[in-house]
Amino acid sequence: QVQLVESGGGSVQSGGSLRLSCAASGYRLSSSCMGWFRQAPGKEREGVAAIDSVRSTMYADSVKGRFTISQDNAKNTLYLQMNSLKPEDTAMYYCAAAAYKYCPGSWWTLPSYYRYWGQGTQVTVSS
């Protein structure tokens, strides 16, 4: 069975940093589009960042310049480095794996594009 397990969430003050990890089993992350999403209470799930099989990256405008997505193929693990955190970054963060090699600009932000999902890790940023 394919499993994605997020870790690294927590509570930090504004301006702080966290690094989220997504460990995959039963699936090769390097062969597909991988994404990070977040969802706050009462809001839709939104795409944060994505990386494809040739390591092209995409970011939401709200996090560009602050967050960095990366992948360690040897460890089969996806990462999201989150710097300069703001209260509006508070959400449950999920990693997701698509059944496709690439992350098209018109599709990567859509949850329906992804086949597998982790259970999420909570990020809380206080002011």
Side-chain angles (χ1 to χ4, degrees):
Q1 292 182 332
V2 174
Q3 286 189 307
L4 303 175
V5 180
E6 302 96 336
S7 62
S11 182
V12 298
Q13 292 185 330
S14 295
S17 298
L18 288 171
R19 189 178 76 158
L20 306 184
S21 299
C22 174
S25 60
Y27 191 81
R28 292 178 66 90
L29 273 61
S30 61
S31 64
S32 67
C33 168
M34 302 294 301
W36 284 100
F37 285 73
R38 65 187 182 187
Q39 188 167 25
K43 299 183 66 176
E44 294 184 350
R45 188 168 298 190
E46 64 173 338
V48 175
I51 184 168
D52 68 16
S53 60
V54 294
R55 297 190 176 183
S56 295
T57 58
M58 283 69 65
Y59 297 95
D61 289 342
S62 59
V63 307
K64 198 172 186 65
R66 299 188 297 122
F67 291 10
T68 303
I69 189 170
S70 62
Q71 189 168 283
D72 186 329
N73 292 338
K75 295 181 178 180
N76 209 32
T77 300
L78 181 73
Y79 301 98
L80 184 68
Q81 180 66 47
M82 309 165 65
N83 298 327
S84 301
L85 284 163
K86 304 174 181 179
E88 51 262 45
D89 295 319
T90 295
M92 185 73 75
Y93 282 71
Y94 302 89
C95 67
Y100 314 99
K101 294 175 62 177
Y102 305 107
C103 304
S106 59
W107 291 85
W108 77 267
T109 59
L110 302 178
S112 61
Y113 189 69
Y114 299 85
R115 182 176 181 181
Y116 303 108
W117 292 83
Q119 293 299 303
T121 185
Q122 179 67 39
V123 171
T124 302
V125 185
S126 62
S127 60

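Nothing here was measured: the structure is a model prediction, and the numbers come from that model.
Between Tyr113 and Trp107, the ring planes are tilted. Angles from 30° to 60° get that label. Using cut-offs of 30° and 60° on the angle between ring planes, the pair Tyr93 and Phe67 is tilted.
Screening residues 42-56 for salt bridge (Lys or Arg N to Asp or Glu O under 4.0 Å), with sequence neighbours left out, gives Arg38-Glu46.
Every residue two or more places apart in sequence or in another chain that forms a side-chain contact (heavy atoms from CB on, under 4.5 Å) with Ser84 is listed here: Arg66.
Remark: the backbone N or O of Leu78 is not paired with any side-chain donor or acceptor of Asp72 at under 3.5 angstrom. Ser14 places a side-chain N or O within 3.5 Å of a backbone atom of Ser126 that can act as its donor or acceptor partner. Of the possible donor and acceptor atoms, one in the side chain of Trp36 sits under 3.5 Å from a partner among the backbone N and O of Tyr79. Distance alone, capped at 3.5 Å, places no donor-acceptor pair between the Ser31 side chain and the Leu29 backbone. Remark: side-chain polar atoms of Asp89 are paired, donor with acceptor, to backbone N or O of Lys86 under 3.5 angstrom.
Using a 4.5 Å heavy-atom cutoff, the side chains of Pro111 and Phe37 are in contact.
Screening Leu4, Val5, Thr121 against Cys22 for a side chain to side chain contact (heavy atoms under 4.5 Å, CB included) leaves a single residue, Leu4. When Val123, Thr68, Ile51, Val48 are each tested for a side chain to side chain contact (heavy atoms under 4.5 Å, CB included) with Leu80, only one passes: Val48.
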